[in-house]
Amino acid sequence: MDIHIVSPNDYGQIHRLRDYCFPNKYSGARREDFHYWIEQSTTLGAYDDKKIVGQLLILPLNITVHGVSFKMGGIGFVATYPEYRQQGIIKRLMTEALQKMRDNGQTISVLAPFSVSFYRYFGWELFFEKLHYTIPQTMFPSLGKQVDVMKRMSFEWLDPALFQMIKDFHNAQAIIRNGGMVRDEGWWKRLERRSPDSHFAAYFQGSNIEGYIRYTIRDGAFTIQDFVVANLLAEQAMWRYMTSHAASVSSITGVTSNHYPFGFYFKEPQFKREVIQDVMIRVVDVYAFMQQYPWKDIQETLTIRIEDPFCLWNEHIYQINKNGQVAIIETSSVSDKHMLTLPINLFSAMMAGYLSVKETVVYANQPTVEKVIKQWEWAIPTEKPAFYEYF
């Protein structure tokens, strides 16, 4: 069995493997979209002679961590034919993918797991809790009568100038929101291919866009796909716009972050909610990641040991001085209780803001003195991440 980047001559095999192993066969625009990402990604194949029997795509994406944009490898379409399972093929694909991401400078990786425990084994960890909500028409929020300046378009009848403003606004918000992803033209095209009947509504204050939603209306359901606002006034304007559809829709459904006090100011906030954890994160290159990391307040030199059996280049003791400069040291005079010792998955969740330092230390089961915990708490930003993209 050989693992290597798939030749363009074998892209047809990638399509066949995906169609066999996933529930729905792609056709039309979705097949076109998948082919685009085969070409754009680092597409790995497991070859049995000339036959591709396993695959993995590393999409070239990005993610914002506490205001800094990192190159991110989005792992997707991981599959093997059933007759080749239980032979370690996925393990070899994952190991090769980690090396390829490091070579590509993709410091972080994100994926949507079919099994949390499976990907934890390879070093990924949960980092975002999605809150799925459904608001019936009888409980639509009432936010008063007000004339808001809204502009509307859809993928089917684009307003090029408005669309460019929406894209610019989305990316400006993505770079200041922990977990945001800046969308390039290829990603916007992907959204259009996957949901060509999407509408847009943008809220303006003067000549400036302050928020937008992307949504569909199907079978009486108003489904929110994007909900990006700069302030509370824009958020309330969006809800006034959505509830103006009350005569033609029976429910509004959407996704937000579980840490956000969603619906707090609604008169009737007791509607259906469901928390889903379906995205995981992993730091691929610890040294490069910490060099870019936006440290907050380092009062004393920090010391940390990383455990990462699938990326041996990460298994070091690191020191971060008061200026945020990172160094790898071979030995340390610091006792174990005076440094953090973390597996890569917990380190990743902590640095992304999902786990607090105290929670991380508890889950790692590594005795650490309180002073060291406090020093790390001062050094790490605390904003919770929210990642809404899907691949």
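Computed from heavy atoms alone, side chains included, the values below leave out hydrogens, waters and symmetry copies.
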For this output row, return yes or no: ring centroids of Phe227 and Tyr215 closer than 6.0 angstrom.
-> no
Salt-bridged, Asp285 to Arg102, with N to O below 4.0 Å?
-> yes
Does the side chain to side chain contact (heavy atoms under 4.5 Å, CB included) test come out yes or no for Tyr47 and Ile52, once each step is laid out?
-> CA-CA 5 Å; Tyr47 283 80; Ile52 296 178; 3.6 Å; yes
Please test Arg282 against Asp308 for salt bridge (charged side-chain N to carboxylate O under 4.0 Å, His left out), starting from the C-alpha separation and ending with a verdict.
-> CA-CA 11 Å; Arg282 188 200 208 282; Asp308 190 352; 2.7 Å; yes
Would the number of heavy atoms belonging to other residues, nucleotides or ligands and lying under 6.0 Å from CD of Gln86 be above 12?
-> no
Worked verdict on Tyr265 versus Glu235 for side chain to side chain donor-acceptor pair (under 3.5 Å) = CA-CA 11 Å; Tyr265 57 84; Glu235 182 176 330; 2.9 Å; yes
Evaluate the ring planes of Trp124 and Tyr119, with Trp represented by its six-membered ring, and classify them as parallel (under 30°), tilted (30 to 60°) or perpendicular (over 60°).
-> perpendicular
Other residues, nucleotides, ligands: >12 heavy atoms within 6.0 Å of Asp2 CG = yes
Just one of Trp188, Tyr212, Phe169 clears the ring pair (Phe, Tyr, Trp, His ring centres under 6.0 Å) bar with Phe163, so which one?
-> Trp188
Test side chain to side chain contact (heavy atoms under 4.5 Å, CB included) applied to Ile58 and Leu56, step by step = CA-CA 7 Å; Ile58 306 170; Leu56 180 153; 3.6 Å; yes
Taking 4.0 angstrom as the limit, do Asp159 and Lys151 come out as a salt bridge?
-> no
Should the heavy atoms of other residues, nucleotides or ligands under 6.0 Å from CZ of Phe264 be counted, would the total exceed 12?
-> no
What pairs with Glu32 under salt bridge (charged side-chain N to carboxylate O under 4.0 Å, His left out), at least two apart in sequence or on another chain?
-> Arg193
Apply side chain to side chain contact (heavy atoms under 4.5 Å, CB included) to the pair Arg214 and Leu191, showing each step before the final yes or no.
-> CA-CA 10 Å; Arg214 181 171 59 95; Leu191 298 177; 3.8 Å; yes
Determine whether the aromatic ring centres of Phe200 and Phe155 lie less than 6.0 Å apart.
-> yes
Would Gln299 and Asp297 satisfy side chain to side chain donor-acceptor pair (under 3.5 Å), going step by step from the backbone distance to the final call?
-> CA-CA 6 Å; Gln299 299 193 358; Asp297 181 16; 3.1 Å; yes
CZ (Arg194) with more than 12 external heavy atoms under 6.0 Å | yes
For a side-chain hydrogen bond (donor to acceptor under 3.5 Å, both in side chains) with Tyr354, tell me which candidate from Glu359, Glu129, His259 qualifies.
-> Glu129
Got a sec: does the CD of Glu83 have more than 12 other heavy atoms crowding it under 6.0 Å?
-> yes
Close aromatic pair by centroid cut-off 6.0 Å: His15 and Tyr26 = no
Angle class for the Phe289/Tyr293 ring planes (parallel below 30°, perpendicular above 60°, tilted otherwise)?
-> tilted
Begin from the C-alpha positions of Met1 and Asp48 and carry the test side chain to side chain contact (heavy atoms under 4.5 Å, CB included) through to its verdict.
-> CA-CA 5 Å; Met1 195 71 63; Asp48 184 359; 4.2 Å; yes
In this structure, are over 12 heavy atoms from other groups packed under 6.0 Å from His132 atom NE2?
-> yes
Is the Phe77 to Trp37 ring centre distance short of 6.0 Å?
-> no
Mind running salt bridge (charged side-chain N to carboxylate O under 4.0 Å, His left out) on Asp33 and Arg190 for me, showing each step along the way?
-> CA-CA 6 Å; Asp33 174 68; Arg190 180 175 203 257; 3.3 Å; yes
Does the ring centre of Phe271 sit less than 6.0 Å away from the ring centre of Phe262?
-> yes
